[in-house]
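Read the structure below first, then the notes.
Chain letters run A, B, ... following the sequence lines, proteins first and then strands; every chain starts at 1. This one's a predicted model, so the numbers in the text were calculated from it and none came from an experiment. Just so it is clear, the values below take in all heavy atoms, side chains as well, and ignore hydrogens, waters and symmetry mates.
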Amino acid sequence: MRKEAVIPPLKVHNTLTGQKEIFEPLHPPFVGMYVCGPTVYNLPHIGNARPAIFFDVVKRYLAYLGYQVRYVRNITDVGHLLGDTNEGEDRISRQAKLQQLEPMEIVHLYTRKYHEVIDALNVQRPDIEPVASGHILEQIEWVQRIMDAGLAYEANGSVYFDVRRYNEKEHYGILSGRVLDELLENTRDLEGQSEKRYPADFAIWKNASPEHLMRWSSPWGNGFPGWHLECSVMSTKYLGEIFDIHGGGMDLMFPHHECEIAQSKAATDHNPVRYWLHNNMITINGAKMSKSAGNFITLEELFNGQNQVLERAYSPMTVRFFVLQAHYRSTLDFSNEALLAARKGYKRLINSLRLLQKLSYPASPGNLNPKLEEQIHGFCDNIHRGMNDDFNTAMVLGQLANLVKKINAFSLAPETLAEISPETFARMRDTFIHFTVDILGLGEEKVNENEGLIEGLLTLYAAAKAQKQYETVDKIREYFKSAGLIVKDLKNGVDWAYEE
RNA sequence: GGUAGCGUGGCCGAGUGGCUAGGCAGAGCUCUGCAAAAGCUCGUACAGCGGUUCGAAUCCGCUCGCUACCUCCA
């Protein structure tokens with residue numbers, strides 16, 4: 001009998017400590033998880049895809065491990081200030097004026113766009129997707145609580161968090177490794193910020209100027225909530241004052257997540273999050289993506305190829321595969337060459353998945369091949385190991401590729417399956433399918449509902465071939481190709497696959 | 001300048017103190033009417049410079065480079 005491999009438990013890299021820690025939920029089997037979602041004021045771009053896909057995999061994996069996950073991802077639909085000035089124009093109302101629309105129209109339009117492309121990436125919807133505008137009352141309550149705690153003050157209808165006061169007892173900068181005094185030294189002198197007592201203070205409620213479109217009444221006058229507050233309020237509302245996982249992009253670490261911690265400490269006296277997870281950023285051809293650099297790619301463009309940076313269109317599953325091919329804490333560089341490689345890798349994986357699903361174990365085992373058995377178990381072990389090691393999806397894909405080789409070989413000669421035990425076969429099949437489909441979320445892109453039609457055509461193909469009618473043979477191949485499929489001539493028959 | 005992350009073969013991208021990652025591209029072979037698919041074979045890389053060690057790409061230090069953030073640009 002094979003010695004059971006020891007798979008270490010799930011460890012996650014916690015930004016708060018800078019270390020990989022064993023993941024232990026506060027109230028097993030429940031896991032509470034919050035991820036910062038998009039601000040819905042323009043088209044979703046490739047930078048939005050990474051956190052959406054990665055944290056989707058995190059959620060799927062935790063569920064696979066048997067946890068009961070509540071996944072909350074917000075939609076920011078309350079505009080926040082733009083640029084360096086204090087003139088209260090926010091991004092959503094600016095876009096609204098630009099397009100002559102109501103702010104809520106903008107919000108709904110781009111929320112729909114976000115859902116469309118993120119759905120296409122096979123990202124499961126979060127269990128709760130709260131919107132900031134639906135939680136104004138709760139945010140006002142929090143402002144009051146923070147004021148009651150003596151950690152915020154009002155100035156001209158705005159309320160600011162008193163960072164200096166907070167820092168007397170707590171460490172503002174605990175997450176991002178910053179020290180308040182050092183932050184101060186680097187603070188720029190900005191005009192019009194005189195209503196703050198201290199440059200590092202941040203708004204938790206903002207007075208709305210008369211032309212500001214989005215506004216709510218509050219004890220401090222008409223205004224809108226500060227940028228950081230919504231996440232504190234909505235995460236704790238649905239997950240409790242202390243919850244397990246908070247995710248988001250590295251760019252949000254400071255100040256956004258830092259402020260969340262400060263607000264929660266002030267309002268609830270709790271450090272709200274046990275494990276902070278931050279994904280790294282995406283670059284394009286080595287450079288940062290920005291509108292001014294002209295390399296800004298929306299997901300829609302990626303899917304249809306309508307962007308001059310792109311040599312062709314890349315399917316959502318290709319993009320998903322590509323994102324998962326890198327560890328989430330590494331920067332990920334978009335290039336045509338890399339996407340092309342991901343495209344082939346994905347199709348290879350999926351073709352193998354199809355073959356595996358059709359394989360069945362022979363009537364009885366033959367002479368077992370211990371080396372082969374060990375290899376297959378090794379790959380399966382590594383898949384679990386990789387995933388448990390801070391969600392190393394790149395490792396998982398690499399090991400799945402190893403299994404692809406084995407599966408393809410078995411498929412070519414099914415009788416060789418007798419060289420492994422039924423248990424090994426079952427483990428290979430279950431591991432491959434669970435990790436590919438259920439955890440990494442890499443399904444068949446276009447599920448063929450006309451399998452019968454395809455099989456029929458293949459029969460004609462085989463017949464034509466037997467009669468050496470090569471013109472017909474080539475024609476059938478062309479039909480397949482135009483449908484994105486290929487015909488495979490095997491030793492013992494014909495089959496089809498997705499074109500690579 | 002500060003903080004955080006990262007620097008691996010032609011490209012992408014994992015990883016461990018000494019034992020094959022993997023994918024893409026390329027070469028050869030098998031198969032084939034021709035192909036494709038698939039299988040097999042082929043690369044000896046780890047930014048640079050020091051140090052620790054019997055031995056480091058893997059640990060430590062420094063340097064260089066890239067990316068993000070540094071107060072209201074999710």
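The gap from the P atom of B/A37 to that of B/G28 amounts to 15 Å, rounded to the nearest Å. Separation of the P atoms belonging to B/G9 and B/A21 is 14 Å when rounded to the nearest angstrom. Here, B/G65 and B/G48 have their P atoms 15 Å apart, quoted to the whole Å. Going from the C1' atom of B/G23 to that of B/C60 covers 34 Å, rounded to whole Å.
One can find a donor-acceptor pair under 3.5 Å joining the base of B/C69 and the side-chain atoms of A/Arg178. At a cut-off of 3.5 angstrom, the base of B/A4 holds no donor-acceptor pair with the side chain of A/Ser176.
In this view, A/Tyr172 satisfies the ring-ring contact (aromatic ring centres under 6.0 Å, His included) rule with no residue, not counting sequence neighbours. In terms of the salt bridge (Lys or Arg N to Asp or Glu O under 4.0 Å) criterion, A/Lys475 has no residue partners (sequence neighbours excluded). A/Tyr114 meets the side-chain hydrogen bond (donor to acceptor under 3.5 Å, both in side chains) test with no other residue; sequence neighbours excluded. In this view, A/Gln399 and A/Phe379, A/Asn382, A/Ile383, A/Met395, A/Asn402 satisfy the side-chain contact (heavy atoms from CB on, under 4.5 Å) rule, not counting sequence neighbours. For A/Asn280, there are no side-chain hydrogen bond (donor to acceptor under 3.5 Å, both in side chains) partners two or more places apart in sequence or in a different chain.
Partner A/Thr17 forms a side-chain hydrogen bond (donor to acceptor under 3.5 Å, both in side chains) with one of A/Gln19, A/His13, A/Glu21 and no other, that one being A/Glu21. For the side-chain hydrogen bond (donor to acceptor under 3.5 Å, both in side chains) with A/His228, the lone residue among A/Gln263, A/Glu258, A/His256 that qualifies is A/His256.
Ion pair A/Arg73/A/Asp56 not flagged as a salt bridge, since none of the NZ, NE, NH1 or NH2 atoms sits closer than 4.0 Å to an Asp/Glu carboxylate oxygen. Ion pairing of A/Lys265 with A/Glu260 is absent here, as no side-chain N (NZ or NE/NH1/NH2) approaches a carboxylate O to less than 4.0 Å. The existence of a salt bridge linking A/Lys20 and A/Asp389 is confirmed by a sub-4.0 Å separation between a basic side-chain nitrogen and an acidic carboxylate oxygen. Between A/Lys358 and A/Asp495 a salt bridge is recorded (basic side-chain N to carboxylate O distance below 4.0 Å).
Comparing B/A14, B/C69, B/C11 by their closest approach to the side chain of A/His327 singles out B/A14. The side chain of A/Gln325 approaches B/G23 more closely than any other nucleotide in the set B/G23, B/C70, B/A14. Distance from the side chain of A/Phe254 is smallest for B/C69 among the nucleotides B/A21, B/C24, B/C69. Closest approach to the A/Arg329 side chain among B/C24, B/C6, B/A74 is made by B/C6 (side chain taken as heavy atoms from C-beta onward). Closest contact between the side chain of A/Gln399 and the listed nucleotides B/A74, B/A21, B/G5 involves B/A21. With distances taken from any side-chain atom of A/Ala200 to the nucleotides B/A37, B/U71, B/C72, the minimum falls on B/U71.
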Output, in order, the C-alpha distance, side-chain angles, deciding distance and verdict of side-chain hydrogen bond (donor to acceptor under 3.5 Å, both in side chains) for A/Glu195 and A/Tyr160.
-> CA-CA 9 Å; A/Glu195 61 185 42; A/Tyr160 292 95; 2.5 Å; yes
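At a threshold of 4.5 Å between non-hydrogen side-chain atoms, the residues A/Phe321 and A/Leu440 do not count as touching. Contact of the A/Arg343 side chain with the A/Arg312 side chain is registered, since non-hydrogen atoms from C-beta on lie closer than 4.5 Å.
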Taking only nitrogen or oxygen atoms into account, show me every contact under 3.5 Å that the protein makes with nucleotides 57-59 of chain B, one pair per line with its distance.
none

Can you pull every protein N or O that's under 3.5 Å from an N or O on nucleotides 62-67 of chain B?
none

Any protein N or O atoms within reach of nucleotides 39-43 of chain B? Criterion: under 3.5 Å, listing atom names and distances.
{"residue": "B/G39", "atom": "OP1", "partner": "A/Asn408", "partner atom": "ND2", "Å": "3.4"}
{"residue": "B/G39", "atom": "OP2", "partner": "A/Arg348", "partner atom": "NH1", "Å": "3.3"}

N/O-N/O pairs, protein side and nucleotides 17-20 of chain B side, under 3.5 Å:
none

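Straight-line distance from the CG atom of A/Leu339 to the P atom of B/A25: 14 Å, rounded to whole Å. Taking atom OH of residue A/Tyr166 and atom P of nucleotide B/U71, one finds them 19 Å apart after rounding to whole Å. Straight-line distance from the CZ atom of A/Phe322 to the C1' atom of B/A14: 15 Å, rounded to whole Å. When the C1' atom of B/A4 is taken as reference, atom CH2 of A/Trp276 falls 15 Å away, rounded to whole Å. In this structure, the CG atom of A/Asn48 is 9 Å from the C1' atom of B/A74, given to the nearest Å. Rounded to whole Å, atom P of B/A21 lies 11 Å from atom CG of A/Asn402. Distance A/Tyr172 OH to B/C70 P: 11 Å, rounded to the nearest Å. Rounded to an integer number of Å, the gap from A/Leu397 CG to B/G22 P is 14 Å.
Along RNA chain B, the nucleotide closest to A/His45 and the one closest to A/Gly177 are compared, and the more 5′ of them pairs with A/Gly177. Toward the 5' end of RNA chain B, the nearer of the two residues A/Ala401 and A/Ser335, judged by each one's closest nucleotide, is A/Ser335.
Within 4.0 Å (heavy atoms only), A/Ala203 reaches at least one base atom of the nucleic acid. Residue-level contact check: A/Gly37 touches the backbone only, with heavy atoms under 4.0 Å from sugar-phosphate atoms and none from bases. Residue contacts shown for A/Ala394 include a base, since a base heavy atom lies under 4.0 Å away. Using a 4.0 Å heavy-atom cutoff across all strands shown, A/Leu340 reaches no nucleic acid atom at all.
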Going 5' to 3' through nucleotides 26-36 of chain B, assign each nucleotide B (protein heavy atom under 4.0 Å from a base atom), S (under 4.0 Å only from sugar-phosphate atoms) or - (no protein heavy atom that close).
-> -------BBBB
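The six-membered or imidazole ring of A/His384 lies near that of A/Phe435, with a centre-to-centre distance under 6.0 Å. Ring centroids of A/His257 and A/His278 are separated by less than 6.0 Å, placing the two rings close together.
For RNA chain B, the stems formed by at least three consecutive Watson-Crick or G-U pairs, with both atom-pair distances below 3.5 Å, span B:1-7 with B:64-70, B:10-12 with B:22-24, B:26-30 with B:38-42, B:47-51 with B:59-63.
OP1 or OP2 of B/A14 sits under 4.0 Å from a side-chain N or O of A/Ser330.
The closest side-chain donor-acceptor pair between A/Asn74 and A/Glu230 falls under 3.5 angstrom.
One N or O on the side chain of A/Asn351 and one on the backbone of A/Tyr498 form a donor-acceptor pair closer than 3.5 Å. In this structure a side-chain-to-backbone donor-acceptor pair under 3.5 Å is present from A/Asn48 to A/His45.
Residue pairs satisfying the side chain to side chain donor-acceptor pair (under 3.5 Å) criterion with at least one member in residues 458-471 of chain A, sequence neighbours excluded, are listed as follows: A/Tyr461-A/Arg477, A/Tyr461-A/Asp489, A/Lys465-A/Asp489, A/Gln467-A/Gln469.
Cation-pi check for A/Arg197 over A/Tyr153 is met; the charged atom lies under 6.0 angstrom from the ring centroid and within 45 degrees of its normal.
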